[in-house]
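I have placed the structure first, in the form of structure tokens, so that the comments after it can refer back to it.
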Amino acid sequence: MQAPTQPENARFLSLSLLSDPLQPALNDRPLQERRAKPRPAKDNGSDTKRTLQDRTILVVDDSAFERTVIRSAVEGLTQFRVCGEASGGADGIKKALELKPDLIIMDLAMPEMNGAEAAMVVRNAMPNVPIVLFTLYAEQLRGAISPGFGITVILSKADGLAPLLECLETLLASPKHP
């Protein structure tokens with residue numbers, strides 16, 4: 001008897017999740033604990049202290065699959081929420097100005113406008129918003145992209161989601177962030 005075959009994407013997804021350092025921790029927890037807890041509604045009152053649940057993230061990547069994986073990880077494994085997604089640099093700039101996120105996760109290689117170009121534009125308009133370049137080309141870029149591009153941190157997609165989530169926690173939980 002022949003084993004059932006999986007679609008190509010399903011095999012990739014299972015392999016990429018198995019290689020992620022967070023995956024063993026997730027598998028050891030009951031399903032109820034792995035699901036994201038409902039987030040309280042935003043309070044539009046006069047309280048100037050924002051909670052971690054109020055921190056928002058914009059995901060900019062030309063791959064719908066990558067955006068979905070990042071959104072699921074952020075919303076399922078952190079206290080932050082994804083306020084929007086964009087499929088390219090120009091769209092990312094538009095959404096950033098419209099949604100005013102607390103942090104932007106951006107891919108480098110995108111059609112029309114790459115992540116470094118988009119980061120420069122966003123940095124000029126929103127100088128206090130951290131931009132995390134999450135790319136397959138991180139090793140080649142380190143040192144080649146100066147802080148003048150507006151990129152706060154460069155992380156490699158090849159390293160999995162754990163370093164990205166740790167970076168988000170560090171950048172958004174810091175007292176200097178509004």
Side-chain angles (χ1 to χ4, degrees), residues 8-9 12-13 15-17 19-22 42 50 52-178:
E8 187 65 30
N9 285 350
F12 173 75
L13 179 61
L15 290 175
S16 66
L17 289 177
S19 65
D20 194 311
L22 290 178
K42 284 189 175 184
R50 293 179 63 205
L52 292 179
Q53 289 87 357
D54 293 333
R55 305 293 179 154
T56 58
I57 296 171
L58 173 65
V59 178
V60 183
D61 196 304
D62 59 325
S63 167
F65 175 76
E66 294 283 341
R67 290 193 311 269
T68 300
V69 169
I70 293 168
R71 176 186 282 270
S72 297
V74 167
E75 292 185 341
L77 300 171
T78 72
Q79 297 179 34
F80 312 123
R81 69 180 180 86
V82 174
C83 64
E85 297 178 9
S87 60
D91 188 32
I93 294 167
K94 179 183 170 196
K95 294 263 175 89
L97 297 174
E98 175 186 315
L99 299 172
K100 308 266 190 261
D102 294 299
L103 183 139
I104 300 170
I105 299 170
M106 192 171 305
D107 186 21
L108 175 69
M110 295 183 287
E112 297 176 20
M113 180 182 278
N114 70 44
E117 294 167 330
M120 283 192 302
V121 174
V122 171
R123 175 64 73 214
N124 287 331
M126 306 169 73
N128 295 324
V129 175
I131 300 172
V132 177
L133 195 65
F134 192 51
T135 178
L136 287 172
Y137 308 104
E139 293 306 316
Q140 293 89 342
L141 291 175
R142 288 201 173 91
I145 292 185
S146 72
F149 275 94
I151 296 165
T152 309
V153 178
I154 300 173
L155 296 174
S156 175
K157 287 182 179 180
D159 292 337
L161 293 170
L164 175 65
L165 298 177
E166 288 174 22
C167 179
L168 300 180
E169 294 284 347
T170 301
L171 291 172
L172 292 177
S174 68
K176 68 177 183 175
H177 194 76

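Heavy-atom basis, side chains included; hydrogens, waters and symmetry copies ignored. Everything quoted here is computed from the prediction, not taken from an experiment.
Between M113 atom CE and D91 atom CG the span is 11.5 Å, to the nearest 0.5 Å. Rounded to the nearest 0.5 angstrom, I151 CD1 and T135 OG1 are separated by 9.5 Å. To the nearest 0.5 Å, atoms CD (Q79) and CG (L168) are separated by 12.5 Å. Remark: L161 CG to L155 CG distance equals 10.5 Å, nearest 0.5 Å. We find the CD-CD1 distance between E85 and I105 to be 10.5 Å, quoted to the nearest 0.5 Å. One finds the CG atom of L103 at 12.5 Å from the CG atom of N128 (value rounded to the nearest 0.5 Å).
In terms of modelled atom types and a separation under 3.5 Å, the side chain of D102 and the main chain of T56 share a donor-acceptor contact. With hydrogens and angles disregarded, a donor-acceptor distance shorter than 3.5 Å links the side chain of R123 to the backbone of V129. With R55 contributing its side chain and F80 its backbone, the two residues share no donor-acceptor pair below 3.5 Å. When atom types are taken as modelled, the side chain of E169 and the backbone of T78 share no donor-acceptor pair closer than 3.5 angstrom. Looking only at distances, no side-chain donor or acceptor of T152 sits under 3.5 Å from a matching main-chain atom of V132.
Using a 4.5 Å heavy-atom threshold, the side chains of I70 and I57 count as separate. Contact annotation: the side chain of K95 never approaches that of V60 to less than 4.5 Å [non-hydrogen atoms, C-beta and beyond].
Contact between A158 and L136 at its shortest, heavy atoms only, is N-CD2, 4.3 Å. Closest non-hydrogen pair, C83 versus P101, comes out as SG-CB, 3.9 Å. Between G88 and M110, the shortest heavy-atom contact is CA-SD, 3.8 Å. Among all heavy-atom pairs drawn from V82 and E75, the shortest one is N-OE2, 3.0 Å. Across L171 and P130, no two heavy atoms sit closer than the pair CD1-CB, 4.1 Å. Closest approach of A109 and D62 over heavy atoms only: O-OD1, 3.4 Å.
For E112, the CD atom is loosely surrounded, since the number of other residues' heavy atoms within 6.0 Å does not exceed 12. Heavy-atom neighbours of K100 NZ from other residues, nucleotides or ligands within 6.0 Å: above the threshold of 12.
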Take M126 and L97, measure what side-chain contact (heavy atoms from CB on, under 4.5 Å) needs, and give me the verdict at the end.
-> CA-CA 8 Å; M126 306 169 73; L97 297 174; 4.1 Å; yes

Output, in order, the C-alpha distance, side-chain angles, deciding distance and verdict of side-chain contact (heavy atoms from CB on, under 4.5 Å) for L165 and V74.
-> CA-CA 7 Å; L165 298 177; V74 167; 4.2 Å; yes

After noting the C-alpha distance and the side-chain angles of D107 and K157, does the key distance pass the side-chain contact (heavy atoms from CB on, under 4.5 Å) rule?
-> CA-CA 9 Å; D107 186 21; K157 287 182 179 180; 3.5 Å; yes

